[in-house]
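These numbers were taken from a predicted model, which means no experiment stands behind them. Numbers restart at 1 for each chain; the letters A, B, ... are given by sequence-line order, proteins then strands.
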Amino acid sequence: MTEMQTTYNPKNFEERIYAEWEKNGYFRAKVDPEKVPFTVMMPPPNITGQLHMGHAMDNTMQDTIVRFKRMQGYSVLWLPGTDHASIATEVKIVEQLKKEGIDKKELGREEFLRRAWAWKEKYGGRIVEQLKKIGSSCDWSRLAFTMDERCSNAVREAFFTLYHKGLIYQGSRIINWCPGCKTALSDAEVEYSEDAGFFWHIKYPVEGSEESVVVATTRPETMLGDTAVAVNPSDPRYSHLVGKTLLLPLTDRRIPVVADEYVDKEFGTGAVKITPAHDPNDFEVGLRHNLEVIRVMNDDGSMNELAGAYAGLDRYEARKRIVADLEAQGLLVKVEPHTHNVGHCYRCHSTVEPIVSKQWFVRMAPLAKPAIDAVVKNKTKFIPDRFAKIYYNWLENIKDWCISRQLWWGHRIPVWYCEDCGEVICAKEDPTVCPKCGGAHLRQDEDVLDTWFSSALWPFSTLGWPEQTEDFRHFYPTDALVTGYDIIPFWVMRMMFSGLEYTGKVPFRDVLIHGLVRDEQGRKMSKSLGNGIDPLDVIDKYGADSLRLSLLTGVAPGNDTRYTDGKVEASRNFINKVWNAARFVVMNADGAELPAAGEVRLQPADRWIISRLQTCIREVTLAMQKYDLGIAADKLIDFMWNDFCDWYIELSKPALYGEDAEKKGGTLRVLLFVLDNALRLLHPFIPFVTEEIYSYLPETSGSIMTADYPRYNTKLSYKKEAKAFEGVIDLIKTVRAMKVAVNCPPTKKVKLFLVTDAKRLINLNKGAIVRLAGASEISFIESGSEVGEKTVSQVCEICHVFIPLGELVNIEEERKRLEKELDRVMGEIARAGGKLANSNFVSKAPKKLVDDERAKLEKFIDMKKKIEKQLEDL
RNA sequence: GGGGGCAUAGCUCAGUUGGUUAGAGCGCAUGCUUCACAUGCAUGAGGUCACAGGUUCGAGUCCUGUUGUCCCCACCA
């Protein structure tokens with residue numbers, strides 16, 4: 001076996017280890033009826049891009065959970081995959097084509113799709129490689145893609161089912177239209193931002209009168225589609241005009257004045273132009289008053305033939321011309337600057353136009369209800385649970401879901417129209433003839449489905465549903481979904497109602513929500529800001545384990561976190577510490593004779609570290625079960641660094657370097673035992689380095705991935721002994737602090753004189769005290785005066801320490817130190833005394849608390865006496 | 001307009017169901033090249049837990065209000 005290097009260097013082993021894991025099939029899930037399944041579906045990254053920090057965190061969390069469960073003996077399935085990301089990918093490919101000077105339409109649907117699949121091969125594959133780099137232990141043999149055969153079957157089945165239940169319908173409604181992508185968008189796909197604009201006040205003359213009504217609008221070009229002006233029914237300014245007719249400027253149309261509660265008297269002029277084809281509110285008003293719907297815009301955002309003289313102009317050019325023409329005719333009353341919320345496409349950022357259009361919709365009300373109930377009844381739990389409120393908020397206010405997209409890349413809508421008899425056919429298998437008239441002239445709907453329609457089926461489509469496959473029966477419903485709060489409305493919610501609707505079960509039991517990874521200044525990482533940090537660069541510099549750990553420490557579920565190099569460095573330093581601790585143990589164990597585990601006579605320090613280990617196992621396991629990964633990591637780091645490295649390894653040195661072979665063997669046995677357990681506890685967080693170190697340990701074989709997760713063992717908790725040993729640690733710390741206080745170099749050995757009842761405990765640990773406190777000898781005395789020279793002294797838990805320091809003693813500094821200590825102790829006495837003087841505390845608080853408080857008070861009173869005596873002696 | 005988050009050390013953040021003297025990392029100060037590790041060791045300074053009330057024997061933690069700040073949704077044409 002090669003020797004371990006002095007510093008941790010992840011480049012030496014991360015790649016090799018991942019390949020070994022994969023080769024040995026450790027990631028592959030097995031349907032094992034003997035075992036309890038634990039299933040996690042990876043949120044499929046879009047094939048448009050590459051892994052960013054958010055993916056790194058999301059997948060690290062999943063991997064950590066999944067490795068933990070695997071070691072605990074569950075039959076684990078972590079199923080990976082990628083998303084075709086209909087609109088996002090199509091935008092990318094159109095961009096690419098544009099660079100080549102090719103128009104999508106000219107290329108044709110078939111050739112376009114060929115290119116899209118090529119794109120998928122290239123970028124989908126790259127994402128897989130990136131996921132491997134961070135150590136993801138997912139089952140690549142079950143890798144899924146939202147447009148593969150499995151998922152496509154599921155999409156057909158789902159659409160078919162909803163269609164025949166009447167939950168999918170086609171209708172002409174106001175939808176969000178993206179003139180850039182030339183497709184409809186769902187409400188969730190529109191992002192709003194405060195944009196500067198203008199408020200144009202326009203005069204509409206009243207027919208047969210000198211009077212006119214002034215309306216205010218932010219989008220004058222839509223006036224060509226106006227079919228009414230609305231006023232509030234209780235507005236005295238306009239009541240005489242209700243029912244009258246207005247002459248719509250720039251057109252030869254006449255439109256009525258209608259009264260509608262929707263109009264806010266206080267806002268604008270109190271009169272609103274109504275354009276049912278281009279505004280959702282106006283559409284509603286139009287329905288109430290039976291208004292005509294006149295659409296004046298084309299799909300590309302230009303004006304259509306109904307825009308008269310403005311036909312063919314782009315919407316913004318038309319706006320300019322219309323405003324100019326109104327002004328020329330004296331109909332423009334005024335123009336005010338006005339900032340308002342404008343919707344933008346979440347993919348191409350074009351300004352979205354509300355347009356009336358014929359689209360496919362999912363009726364949401366009947367689906368939302370069970371999805372709400374399932375969370376209310378705790379069948380699915382959000383972690384942290386405040387996200388349940390956000391989920392309710394969405395579902396309770398949900399509108400029908402527009403699922404058709406005028407795109408090519410995606411699941412084509414499984415609906416055909418018979419050109420002979422007009423029949424509409426929704427089928428699972430592509431029909432060849434019309435089932436009604438037998439005609440063969442069938443035309444499939446041109447549109448594809450919203451990309452989230454297939455994502456919504458992810459937890460079961462990937463397992464083969466609607467087939468009752470072995471995987472589906474064993475692994476569904478899944479156990480945990482790990483994802484960011486930003487996609488609750490897009491995805492989590494839709495998986496919930498889909499799972500309930502199609503499988504009758506919630507798709508997952510727990511939803512672990514995490515926040516965003518932000519940059520050092522707390523800003524969102526984004527392409528436009530150029531502040532994104534590539535996880536692969538970080539891995540290259542520090543290793544995957546360091547990145548993983550840095551993304552999980554100090555993070556609470558659901559909270560955003562900032563990425564800083566400092567955090568990664570801190571993690572790297574910790575891992576280096578683990579590396580060197582292991583190196584120390586391995587070097588000492590090399591060639592040494594180890595006693596059988598049962599034959600070791602444990603020393604007090606051994607019992608202490610084993611006890612600490614048990615506490616650590618218990619706390620870490622509990623935290624892991626609650627998905628408190630940050631807490632689990634903190635506890636592990638604390639145990640490993642402070643308890644194991646700083647204390648136990650130092651405590652072990654007298655035995656290791658001493659003459660007593662039995663003690664030495666026993667100590668080595670304990671070192672190995674604790675290290676082995678610690679590595680297994682750490683493995684889910686830092687899988688590579690723990691695997692590498694594991695291979696150096698004597699007596700281990702195979703992969704740490706297949707080792708058991710440590711279990712808390714009451715028999716090894718040694719509570720009493722551990723507590724007693726804490727007294728020894730306290731003594732060592734006290735001596736160190738005393739030396740520092742009087743400027744005595746830590747390397748200078750001092751004589752210790754102790755007044756104590758714990759002689760046995762101290763004698764048992766003499767070697768450790770001598771070494772760690774820097775003592776030359778230890779003597780027991782009955783009182784400080786026995787030392788016979790000037791001393792500094794200090795009371796600690798198990799004794800009263802006197803150190804003769806001769807010339808080194810600075811009386812003034814020592815007095816200051818003692819006075820400060822006295823202050824502190826007096827404060828404690830006041831606090832504890834006050835508490836105990838409160839009869840309510842004594843009678844109502846738990847007895848143990850009261851007893852503890854009494855004991856403390858006594859201890860502090862004793863300390864106070866001793867300090868006062870010392871001050872006198874000075 | 002509706003909903004939610006956050007406010008704790010100089011900075012970034014933890015703080016489980018209310019219960020010792022409120023923690024960590026980084027930074028800072030002082031001292032250490034002791035044979036695992038300077039990516040280290042030891043010791044230390046640094047906090048009216050935003051503010052005001054309330055519940056409780058006891059509040060960083062629960063309740064109400066205030067201020068500041070961030071996010072999501074809706075949206076006045």
Side-chain angles (χ1 to χ4, degrees), chain A residues 4 6-8 187-188 192 199 215-219 222 230 262-264 266-275 279-282 285 338 340-341 343 386-387 389-390 392-394 397 485-486 488-489 515-516 520 522 542 546 550 553-556 558-562 564 566-567 569-588 619 622-623 626 628 630-631 634 637-638 645-646 649-650 653 657 733 736-741 743-747 771-772 774 824 827-828 831-832 835 838-846 848-850 852-853 856:
Chain A
M4 291 179 75
T6 51
T7 49
Y8 150 70
D187 294 337
Y192 289 87
F199 221 9
V215 298
T217 180
T218 54
R219 296 190 301 155
T222 63
Y262 154 70
V263 181
D264 179 354
E266 310 300 320
F267 191 79
T269 60
V272 186
K273 62 191 268 312
I274 299 297
T275 325
D279 182 281
N281 290 308
D282 291 7
V285 175
H338 181 69
H340 58 145
N341 249 345
R386 66 169 133 64
F387 287 101
K389 290 185 214 162
I390 291 168
Y392 295 144
N393 208 273
W394 266 96
N397 299 301
Y485 59 70
D486 51 332
I488 292 174
L516 270 38
E520 205 139 346
Y542 297 100
S546 300
S550 72
T553 45
V555 179
N559 286 6
D560 288 353
T561 180
R562 297 184 191 205
T564 67
K567 281 185 194 174
E569 269 167 33
S571 296
R572 190 267 321 267
N573 294 352
F574 169 70
I575 295 169
N576 185 62
K577 189 77 184 171
V578 174
W579 179 268
N580 274 289
R583 191 168 146 255
F584 172 82
V585 175
V586 168
M587 272 167 32
N588 280 288
E619 291 178 345
L622 194 69
K626 286 160 53 182
D628 275 329
I631 290 175
D634 279 350
I637 292 169
D638 182 56
C645 294
D646 291 343
I649 284 187
E650 294 308 320
K653 285 177 179 172
Y657 302 149
K733 288 180 123 168
R736 285 172 178 169
M738 286 166 77
K739 285 163 88 171
V740 168
N743 294 324
C744 168
T747 40
R771 183 181 177 96
L772 298 196
R824 188 183 73 90
E828 288 302 329
R831 191 194 52 79
K835 250 184 171 177
N838 181 342
S839 62
N840 279 324
F841 173 71
V842 177
S843 61
K844 290 187 182 174
K848 183 173 182 312
L849 227 59
V850 178
D852 285 353
E853 210 57 54
K856 260 186 277 174

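- The partner of rA45(B) cannot be assigned: no Watson-Crick or G-U wobble pair with both contacts below 3.5 Å exists in any strand.
- Considering only side-chain N and O atoms, R219(A) lies nowhere under 4.0 angstrom from the phosphate OP1 or OP2 of rA77(B).
- In this structure, R572(A) does not reach the rU39(B) phosphate: none of its side-chain N or O atoms is under 4.0 Å from OP1 or OP2.
- We find that CG of D852(A) is positioned 10 Å from C1' of rG19(B), with the value rounded to whole Å.
- A side-chain donor-acceptor contact under 3.5 Å links D560(A) and Y485(A).
- Side-chain atoms of A737(A) lie closest to rG44(B) of the nucleotides rA14(B), rG44(B), rC41(B).
- Dashed line: the shortest gap from a side-chain N or O of K577(A) to OP1 or OP2 of rC41(B) is under 4.0 Å.
- Look at OH on Y392(A): it is 15 Å from C1' on rG3(B), rounded to the nearest Å.
- Nearest nucleotide to the A845(A) side chain, out of rA77(B), rC57(B), rA14(B): rC57(B).
- Proximity of N573(A) to the phosphate of rG40(B): a side-chain N or O atom is located under 4.0 Å from OP1 or OP2.
- Within 4.0 Å (heavy atoms only), G630(A) reaches no atom of the nucleic acid at all.
- Close to rA77(B), at under 4.0 Å from its OP1 or OP2, lies a side-chain N or O of H338(A).
- Here Y8(A) lies out of heavy-atom contact (under 4.0 Å) with every strand.
- Phosphate proximity of rA36(B) to K653(A): present, with a side-chain N or O under 4.0 Å from OP1 or OP2.
- Nucleotides rU48(B) and rG23(B) are separated by 15 Å at their P atoms, to the nearest Å.
- Put simply, CG on D560(A) is 14 Å from P on rC70(B), counting in whole angstrom units.
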